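Data block below; observations after.
These numbers were taken from a predicted model, which means no experiment stands behind them. Every chain is numbered from 1 and lettered A, B, ... according to where its sequence line falls, protein lines coming before strand lines.
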2 protein chains.
Amino acid sequence: MKTPVLLALLKEKGYKLTAQRQAILAALRYLGERASAKEIYEELCKEKPAISLDTVYRNLRLLAEIGIVQQILLQSGTVFELTDDGHHHHHLVCVDCEKVVCIPYCPESCAYTEQARAAGFAVLGHLFEVYGRCTACQQK
Amino acid sequence: MKTPVLLALLKEKGYKLTAQRQAILAALRYLGERASAKEIYEELCKEKPAISLDTVYRNLRLLAEIGIVQQILLQSGTVFELTDDGHHHHHLVCVDCEKVVCIPYCPESCAYTEQARAAGFAVLGHLFEVYGRCTACQQK
DNA sequence: TCAGTAAATAAGAATATTACTATTTAGAAA
DNA sequence: TTTCTAAATAGTAATATTCTTATTTACTGA
């Protein structure tokens, strides 16, 4: 995610490009695919001046809203992942070891939007995660 | 949910039928379709002896695991709903007023299980919620 | 460039949720 | 019925997440 692109996405909704937002994205990139709010916070605390924990949470929520990151709900808590292509996707999550595998499948393509329209809802988004047991954990 | 049925579902996994579990279900029924852990806790605190908050959370998680209740993630927090027929379903959630509408649609019926199998995952369940704006909130 | 304004931040308080541990209890089996 | 044992509970501590408020800052337009 290049800064001009981020700026455009933010500006679209009246949000501002701040050093903290860029730092959060940089930390997420640095930490690898996925990280919890606390991990990002701790990474950024190494810098001076340190960021506020609330700012990390607030911005991860905002970045998720504009589609730059995605939230994944594990048993042990919530982690965030970059969606570099801007297109969201979903996950298979192992309930034992918490291994996460991305799947290209998205229920958007199925017919639920019909039902939403019938109920008078304007669909904005959805949450979809599949839980199961990975190959390794099935052996145990 | 009649007690014998609940007992059978619990026994199946080695869980016990406790007064607290029955009280939580009774409270949920009494409070209407949906309630938060705190609402259930406060309702049960009117009784003597009062229940522990931890017990409410722990058992709502367990009841969700065996399919008697379902968790719905709202912006303002998590609420629980009875699934009287034992078959789960999903929801349209208004992000403004938090009105919830049940929808019969379930992504289980779509092809994601194929992908899960290919990745070596044994699917246990899934989370699916649709967020949008209801008719009333679209007028605002 | 400079001033004005809405948005964002930091810091700490408040709330929500989960974990820990000693004690109690439901259900199994004698 | 009595005993035994794993599961469950209460109470409290710990952690995760969100809210509140005073202050700072990014962008806008002159």
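In this entry the distance linking NZ of B:Lys13 with C1' of D:dA6 reads 18 Å, nearest Å. One interatomic measurement links the two molecules: OH of B:Tyr41 to P of C:dT18, which rounds to 16 Å at whole-angstrom precision. Nucleotide C:dT24 holds its P atom 19 Å from the CZ atom of B:Arg21, rounded to whole Å. Atom C1' of nucleotide C:dA7 and atom NZ of A:Lys11 are separated by 15 Å, given to the nearest angstrom. If you take NZ of B:Lys16 and C1' of D:dC4, they are 11 Å apart, rounded to a whole angstrom.
Taking side-chain N and O atoms only, B:Gln20 has no distance below 4.0 Å to OP1 or OP2 of C:dT25. Put simply, B:Tyr57 has no side-chain N or O that comes within less than 4.0 Å of OP1 or OP2 on C:dT18. Considering only side-chain N and O atoms, B:Thr18 lies under 4.0 angstrom from the phosphate OP1 or OP2 of D:dT9. Listed pair A:Thr55 / C:dA10 meets the phosphate criterion, a side-chain N or O lying under 4.0 Å from OP1 or OP2.
Partners of B:Glu129 by side-chain hydrogen bond (donor to acceptor under 3.5 Å, both in side chains), not counting sequence neighbours, listed by chain and number: B:His91. A:Tyr131 is linked by a side-chain hydrogen bond (donor to acceptor under 3.5 Å, both in side chains) to nothing, counting only residues two or more places apart in sequence or in another chain. With sequence neighbours left out, the side-chain contact (heavy atoms from CB on, under 4.5 Å) criterion links B:Leu17 to B:Thr3, B:Leu6, B:Leu7, B:Leu10, B:Gln22. For B:Lys46, the side-chain hydrogen bond (donor to acceptor under 3.5 Å, both in side chains) partners are B:Glu43, not counting sequence neighbours.
The shortest side-chain heavy-atom distance between A:Gln75 and B:Arg61 does not fall under the 4.5 Å cut-off. Side-chain contact between A:His87 and A:Cys106 is absent, with no heavy atoms from C-beta onward closer than 4.5 Å.
Taking five base pairs at each end of the helix from C:dT1-D:dA30 to C:dA30-D:dT1 and finding the rotation axis that steps the C1' atoms of four pairs onto the next four gives two axes whose angle is 40°, to the nearest 10°.
Looking only at distances, a side-chain donor or acceptor of A:Thr83 sits under 3.5 Å from a matching main-chain atom of A:Gly67.
Applying a 4.0 Å cut-off to non-hydrogen atoms, none of the residues of residues 93-100 of chain A approaches DNA chain D.
Residues B:Phe128 and B:Pro107 share a closest heavy-atom pair of CD2-CD, 3.5 Å. Closest of all the heavy-atom pairs between A:Gln138 and A:Arg133 is NE2-O, 2.9 Å. Heavy atoms only, all atoms of each residue included: B:Leu44 and B:Ala27 are closest at CD2-CB, 3.9 Å.
Nearest-nucleotide mapping onto DNA chain D: of B:Tyr15 and B:Gln75, the residue sitting toward the 5' end is B:Tyr15. Along DNA chain C, the nucleotide nearest A:Ile51 and the nucleotide nearest B:Asp54 are compared for position; the residue whose nucleotide lies closer to the 5' end is A:Ile51.
In this structure, B:Thr78 reaches the sugar-phosphate backbone alone: every heavy-atom distance under 4.0 Å involves primed, P, OP1 or OP2 atoms, never a base. Contact annotation for B:Leu53: base contact, defined as any heavy-atom pair under 4.0 Å involving a base atom. Using a 4.0 Å heavy-atom criterion, one finds that B:Ala37 contacts no nucleic acid atom at all. Within 4.0 Å (heavy atoms only), B:Leu7 reaches sugar-phosphate atoms of the nucleic acid but no base atom. If you check every strand for non-hydrogen atoms under 4.0 Å, B:Asn59 touches sugar and phosphate atoms only. Using a 4.0 Å heavy-atom cutoff across all strands shown, A:Ala19 reaches no nucleic acid atom at all.
Comparing D:dT25, C:dA10, C:dA19 by their closest approach to the side chain of A:Arg58 singles out C:dA10.
For C:dA16, its base never sits under 3.5 Å from the side chain of B:Lys38 at any donor and acceptor pair.
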